S.K.: 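Attaching a single structure in structure tokens format; questions to follow.
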Amino acid sequence: MIIPFVSFLPMEKELNIEIKKAFDRVFNSSWYIEGKEDEVFEKAFAEYCGAESCVGCGNGLDALMLSLKALGVGIGDEVIVPSNTYIATALAVTYVGATPVFVEPDINTFLIDPSLIETKINEKTKAIMPVHLYGQACDMDAIISIAKKYDLYVVEDCAQAHGAMYKGKRVGSFGDAAGFSFYPGKNLGALGDAGAAVTNNKELADKIRALGNYGSDYKYHHIYKGNNSRLDEMQAAFLLAKLPHLDKMNEERRRIADMYTTGINNPKVVTPIVKDDCVPVWHIYGIRCKERDALEKYLNDKGIGTNKHYPIPMHMQDCYKDLGIKLGELPIAEEISTTELSLPMYYGMTDEQVQFVIDAINEFK
Ligand SMILES: *Cc1c(COP(=O)(O)O)cnc(C)c1O
């Protein structure tokens, strides 16, 4: 049996007509940037997240970067980010001229450990960026209370967590702002690059929108030296077609994850922990195994696709050599980078396929 790490085919088959209708609607309108589709999607997505405002952006990295910029985070500032995340979280900080400061995750949940945040706070710290990594919400009560105590902004990185819940509320509405990515492989994916910033602060939303539209508040009037990062009409229309299906697709991921968690019983493998307050959306189902590379090769040889999130921690990347962090200084991120293995996870995976993966893992010696 061949089981890819990810496949869009079952979803694309189901949504084929709706996606084509969305294409026709935009194409027939001959209107491609800043229009009705974007406006309607922003409203629908803000409502979905339980937030006041949504601003469409070109991608998730820009949504995070523009949020930080709009909050006034910049040169000389420090921003707390988890040591285990996709590099875009840290790059958003770097792009506004600030410095990312890494805080280790809890190895069981892969999420930033709030009990370690305070030790990294100093007079330069401006914000905390919790990442709801792999689709599970961070401990937002603890993070918000630290932010309040030190007067820091909170910008949630929700790129992997569309619809994930913490204490009954969807992520994206806890902090001052949140960045979402609609990269095709994300739980809610466009047919290209796209993203959005979400916030309960209308004024901040206006500033993020202006910053992503050449710093313009109205046509040919520029109040900021802005970027060009807007959600185009075609992607907004595709996202509008997909949004009503998101909960169902997340539910399907939870079903697959539950099968993995109850079915995998190889003592060499550790399955991920879900916290009581969380309803995760399983962007990634990551197991840990000391013999990760051997397990990966064994699964790949059986036709099972896998991935590693992430094989090189950010502090060991060439581009972040300037931070001067040495191997050994962030041991949990380093351990995750050598032991984490992501299993196939996508809408439309059959029970038979999931069971094939489980059996293969349990037979690994
Ligand atoms: C995908 C991702 C991003 C960046 O989103 P893009 O749309 O690819 O720019 C940011 N943070 C995390 C955690 C991600 O997984």
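Start at 1 and go down the list; that is how both ligands and their atoms are numbered. If you're wondering where the values come from, they're calculated on a predicted model, not measured in any experiment. Basis for what follows: all heavy atoms, side chains included, without hydrogens, waters or symmetry-related copies.
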S.K.: Kindly say whether Val81 contributes a backbone atom to a donor-acceptor pair with the side chain of Thr85 at under 3.5 angstrom?
M.R.: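 Answer holds: no.
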S.K.: For the residue pair Phe102 and Tyr320, categorise the inter-ring angle as parallel (less than 30°), tilted (30 to 60°) or perpendicular (more than 60°).
M.R.: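 Plane angle over 60°, so perpendicular.
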S.K.: Tell me whether the NZ or CZ atom of Arg253 lies within the 45° cone about the ring axis of Tyr347 and under 6.0 Å from its centre.
M.R.: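 Output no; distance or angle outside limits.
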S.K.: Compare all side-chain heavy atoms of Arg255 with those of Asp351 and state whether any distance is below 4.5 angstrom.
M.R.: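 When only atoms from C-beta onward are counted, Asp351 and Arg255 do touch, with a gap below 4.5 Å.
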S.K.: Students should be able to answer this: which protein heavy-atom is nearest to atom 10 (C) of ligand 1, and at what distance?
M.R.: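 Here the closest protein heavy atom is Ala88 CB, 3.4 Å.
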S.K.: Which ligand 1 atoms, with their elements, are less than 4.0 angstrom from a heavy-atom of Gly60?
M.R.: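 Numbered from 1, ligand 1 contributes 5 (O), 6 (P), 7 (O), 9 (O).
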S.K.: Would Asp157 count as a polar contact of ligand 1, with the cut-off being nitrogen or oxygen pairs under 3.5 Å?
M.R.: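 Yes - when backbone and side-chain N and O of Asp157 are compared with those of ligand 1, one distance drops under 3.5 Å.
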S.K.: With heavy-atom distances below 4.0 Å as the criterion, list the atoms of ligand 1 near Ala159.
M.R.: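 By the 4.0 Å cutoff, the relevant atoms are 2 (C), 3 (C), 10 (C), 11 (N), 12 (C), 14 (C), 15 (O).
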S.K.: Please determine if Tyr183 has a nitrogen or oxygen closer than 3.5 Å to a nitrogen or oxygen of ligand 1.
M.R.: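 Not met; the criterion fails.
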S.K.: Numbering the atoms of ligand 1 from 1, which are under 4.0 Å from a heavy atom of Val131?
M.R.: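 Heavy-atom distances to Val131 below 4.0 Å select 13 (C).
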S.K.: Can Lys268 be said to sit on top of Phe364's aromatic six-ring, NZ or CZ under 6.0 Å from centre and within 45° of the ring axis?
M.R.: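 Yes, a cation-pi geometry holds between Lys268 and Phe364.
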S.K.: One residue to check: His283. Relative to ligand 1, which of side chain, backbone, both or neither has a non-hydrogen atom less than 4.0 Å away?
M.R.: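 Answer for His283: neither.
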S.K.: Could you tell me the residue and atom name of the protein heavy atom closest to atom 8 (O) of ligand 1, and the distance to it rounded to 0.1 Å?
M.R.: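 Result for atom 8 (O) of ligand 1: Ser181 OG, 3.9 Å.
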S.K.: Under 4.0 Å, heavy atoms only, figure out whether ligand 1 is touched by the backbone of Thr85, its side chain, both or neither.
M.R.: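 It is the side chain that touches ligand 1; the backbone stays farther off.
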S.K.: Does a side-chain heavy-atom distance below 4.5 Å link Leu343 with Ile284?
M.R.: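 No - every pair of side-chain heavy atoms lies 4.5 Å or more apart.
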S.K.: Which residue holds the protein heavy atom closest to atom 1 (C) of ligand 1, what is that atom called, and what is the gap in Å?
M.R.: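 Here the nearest protein heavy atom works out to Lys186 NZ, 1.5 Å.
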S.K.: Starting from atom 15 (O) of ligand 1, which protein heavy atom do you reach first, and at what distance in Å?
M.R.: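 Atom 15 (O) of ligand 1 sits closest to the protein heavy atom Gln160 NE2, 2.8 Å.
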S.K.: For Tyr214, is there any backbone N or O sitting under 3.5 Å from a side-chain donor or acceptor partner on His222?
M.R.: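 Between the backbone of Tyr214 and the side chain of His222 there is a qualifying donor-acceptor contact (under 3.5 Å).
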S.K.: Give the numbers and elements of all ligand 1 atoms closer than 4.0 Å to a heavy atom of Asn59.
M.R.: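 Answer for ligand 1: 7 (O), 9 (O).
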S.K.: Report the relative orientation of the aromatic rings in Tyr134 and Tyr310; use parallel for angles under 30°, tilted for 30 to 60°, perpendicular for over 60°.
M.R.: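 The arrangement is tilted - the two ring planes meet at 30° to 60°.
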S.K.: Any atoms of ligand 1 less than 4.0 Å from a non-hydrogen atom of Leu61? List them with their elements.
M.R.: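 The atoms of ligand 1 under 4.0 Å from a heavy atom of Leu61 are 4 (C), 5 (O), 6 (P), 9 (O).
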S.K.: Whether the side chain of Asn16 engages the backbone of Lys20 through a donor-acceptor N/O pair (distance < 3.5 Å, no angle test) should be reported.
M.R.: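 No: the side chain of Asn16 does not pair with the backbone of Lys20.
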